[in-house]
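Heavy atoms only: backbone and side chains are in, while hydrogens, waters and symmetry mates are out.
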Amino acid sequence: MQELLTEIVVHLSRSHQQMARILDAKRHVAVRMAHLVQALPDEHPQLNGLSGLLDSSSNVTKNVISYLNSLADLQEAVADSLTNVVKAMGDSNEEE
């Protein structure tokens, strides 16, 4: 049983590592978009008027929110996985 739990933890670890890599890529996109927004001139930006400026700002905000939600999902997935493993380890210890 212990070997099975160890194998499950290894697979979960690899899965979470891949999710973290995806989130890191999303972080780079969000940071780059923020840099682009900072580079906009303060006066008369050519973004098709106020509506274009609002749309662009909205897109950046949505991207940052999406990244933060993904981080929360990763944290929740790690917690759920580890909770299940710890429960299984407790059950296997009680059986012995």
Q: Output yes when a side-chain donor or acceptor of S66 lies under 3.5 Å from a complementary backbone atom of K62, and no otherwise.
A: no
Q: With rounding to the nearest 0.5 angstrom, report the CD to OG distance, Q75 to S70.
A: 13.0 Å
Q: Hey, what do you get for NE2 (H11) to CD1 (I8), rounding to the nearest 0.5 Å?
A: 8.5 Å
Q: Between the side chains of R21 and D24, is the shortest nitrogen-to-carboxylate-oxygen separation below 4.0 Å, so that they form an ion pair?
A: no
Q: Under a 4.5 Å side-chain heavy-atom rule over Ile, Leu, Val, Met, Phe, Trp and Tyr, are L54 and I65 clustered together?
A: no
Q: Any chance you could measure N63, atom CG, to N59, atom CG, to the nearest 0.5 Å?
A: 8.5 Å
Q: Do L74 and L82 share a hydrophobic cluster, counting only Ile, Leu, Val, Met, Phe, Trp and Tyr and linking them when any side-chain heavy atoms are less than 4.5 Å apart?
A: yes
Q: Should the heavy atoms of other residues, nucleotides or ligands under 6.0 Å from CD of E3 be counted, would the total exceed 12?
A: no
Q: In Å, rounded to the nearest 0.5 Å, how long is the span from CG of L12 to CD of E7?
A: 11.0 Å
Q: Check whether V31 and V60 end up in the same hydrophobic cluster, where Ile, Leu, Val, Met, Phe, Trp and Tyr are linked by side-chain heavy atoms less than 4.5 Å apart.
A: no
Q: Provide the closest heavy-atom pair for M19 versus A77 in the form atom of the first, atom of the second, distance.
A: CE-CB, 4.0 Å
